[in-house]
Every structure is written in C-alpha cells, then in structure tokens.
Amino acid sequence: MITAPVSRRVSNLLLAASCAVLSACGGVGYPLEHYEAVYSKAALETPAPDPATLERQTPQQQVRIAHGRYLVQITGCAACHTDGALVGEPDPRRELAGSHLGIAYTNPMRGGFPGVAYPANLTPDPAMGLGNWTDAQIAAAIRTGSLNGEPGHLVVMSWPLYQRMTDDDVAAVVAYLRTIPAIANAVPPRVPPGTRAGTSYVYFGVFRSGPAITR
Ligand code: HEC
C-alpha cells in the first residue's frame, strides 16, 4: 500500500503541441519533460452499502453483498473509478462515482494527442451510473469489456484480469454495486486519438527494449 503523502498535483499532463513530435522539443531529448510522476492509490476502502437498502435484503443476499464488497476492494476497481485516486488523492465523497482524470489509451509519447478514456460512474445513479444497466450488462463489462453489447470495447479497463471471475463472484460484485449510495456525477465522454482532451490524464505504459525494437 502506498502511504507516502502525495503533495504534487497534476497540473497538466498533456504534451505541449510544440513537443508533439519528440525531436521538436528543442533538443531537450527527455520525452517526459511535460509529465510528472504521480502515485495511484491501488488499495482503497470501498463505500459501505446504504443501510436502508441492505436492511431489505435477505440474510443470504447480505452475505453475497459483503463478498462483493471484498472482491471490489481486492481487485482495485476504486483505484480507477474514484475521482483523484489515479494520482493518489481519492475524493472520499465520490467513491466509485467515476473519474474526471482520464487514462490515455494510445501512446502520447509518439506525438499527437492520445485517445483518453474516463473510468465510469459505478454507483446506481440511473442517468450517470449503472442504475439502468441490467445485471448481465454489468457482468459482461467486467468480464469481457463489453460496451453496448459488444465485447472488447472498454479500453484501458483491466477486464482481461477479470475474465475468469466465476458467475458467483461477478454476481456478488454486481449485487454490491447495486447497494452503494447513488452519486450523480457525470464523467467526460471518451476522447478519440488526435483530439485534445479537456482534462488531465495519466498514461500507463510498459516499454520493451532490445534488438528487435527498431524505433
Ligand atoms: C485500470 C483502471 C480500471 C480498473 C482497475 C477498473 N476499471 Fe472499470 N473502467 C475503466 C475505464 C477507463 C472505463 C471506461 C472505458 C471506456 O470508455 O472505454 C471503465 C468502464 C467500466 C464499466 C462500464 C460502465 C460504463 O458506464 O461504461 C464497468 C461496469 C466497470 N468499468 C466496472 C469495473 C469494476 C467492477 C472494476 C473492478 C472489478 C473495474 N471496473 C476496474 C477503468 C478501470
């Protein structure tokens, strides 16, 4: 768990337009000049179920909800889906209610503006969260990255890690998400590559080097 306080804020993670091509960066040669290091909060507390909603459930369903909460905690959903968590400053009033800080899904260091996706609002809010999604739709999003019925459409979201979640476990996650307080919080729509995002964003990159890499 990350315990060190993170005081630096992300002011602007965008590559400046003049630096869109790395060789145009005035010979500085350091491709991360317009970036700063931030530390996400991976292991976060999860919001407690709404007591009134919980009370209406059968004892068996309450056990399932508690299991779902545990799973959401250990799979790190809140590390992306809570405002500020990606940079180590989670907003406790917006747990699992989506992130205004985006995640680049194309490599911004190649030049040009990357595509940016925003972790969605997972609370039961009917307009801005999952209130109108069916259980099957939520389960498919978690295990197959399905958006609007088409698998593989959720970018960045770590659904490949969750592919083997059992039916019981995914049902428990869904049951838990249905009991947390609804928060009306709209996250920005996905920004396509080549368009300047109106928000800050982070980029997770794993970079490989070696003889086979030509560029
Ligand atoms: C690495 C960051 C990350 C993690 C961890 C993560 N998600 Fe996501 N999730 C996203 C992003 C980003 C989107 C929106 C993707 C897009 O628009 O392509 C998303 C979308 C979703 C959606 C679709 C909702 C909608 O309105 O589009 C659901 C449901 C979802 N996530 C549930 C979960 C659950 C449950 C977990 C934990 C088991 C989880 N996510 C973990 C980043 C993440």
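Start at 1 and go down the list; that is how both ligands and their atoms are numbered. Source: prediction; values computed, not measured. In what follows, residues are counted from 1 in the order of the sequence shown.
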Quiz item: Can you tell me how far CG of Leu96 sits from CG of Asn185, rounded to the nearest 0.5 angstrom?
Solution: 11.5 Å
Self-check item: Under 4.0 Å to a heavy atom of Gly76 - the qualifying atoms of ligand 1, by number
Solution: 5 (C)
Quiz item: Out of curiosity, is Tyr118 lining ligand 1, as in a heavy atom under 4.0 Å away?
Solution: yes
Practice problem: Looking only at protein heavy atoms, identify the closest one to atom 15 (C) of ligand 1 and say how far it is in Å. | Solution: Val155 O, 3.6 Å
Exercise. Is it possible for you to say whether Ile183 and Tyr118 belong to one hydrophobic cluster, with membership spreading through side-chain heavy-atom contacts below 4.5 Å?
Key: no
Quiz item: For residues Asn121 and Thr123, is any side-chain donor paired with an opposing acceptor at under 3.5 Å?
Solution: yes
Exercise. Taking atom 8 (Fe) of ligand 1 as the centre, count the protein N/O/S atoms lying under 2.8 Å from it.
Key: 2
Self-check item: Nearest-0.5 Å distance, CD1 of residue Ile138 to CH2 of residue Trp133
Solution: 7.5 Å
Quiz item: Could you walk me through whether Tyr70 and Thr46 pass the side chain to side chain donor-acceptor pair (under 3.5 Å) check?
Solution: CA-CA 8 Å; Tyr70 160 78; Thr46 44; over 6 Å; no
Quiz item: Hey, is CD on Glu55 packed in by over 12 heavy atoms from elsewhere, all under 6.0 Å?
Solution: no
Quiz item: Is it true that Asp135 and Arg178 have a side-chain N and a carboxylate O under 4.0 angstrom from each other?
Solution: yes
Quiz prompt | Distance from atom 23 (C) of ligand 1 to nearest protein heavy atom, with residue and atom | solution = Trp133 CH2, 3.7 Å
Quiz item: With a 4.0 Å cut-off on heavy atoms, does Ala79 reach ligand 1?
Solution: no
Quiz item: Can you find a heavy atom in the side chain of Pro119 that is under 4.5 Å from one in the side chain of Val187?
Solution: no
Self-check item: Numbered atoms of ligand 1 (with element) below 4.0 Å of Leu147, judged on heavy atoms
Solution: 27 (O)
Quiz item: Run the side chain to side chain donor-acceptor pair (under 3.5 Å) check on His67 and Asp169 step by step: do they pass?
Solution: CA-CA 8 Å; His67 183 57; Asp169 280 353; 2.9 Å; yes
Exercise. Considering heavy atoms of the protein only, find what lies nearest to atom 17 (O) of ligand 1 and give residue, atom and distance to 0.1 Å.
Key: Arg190 NE, 3.4 Å
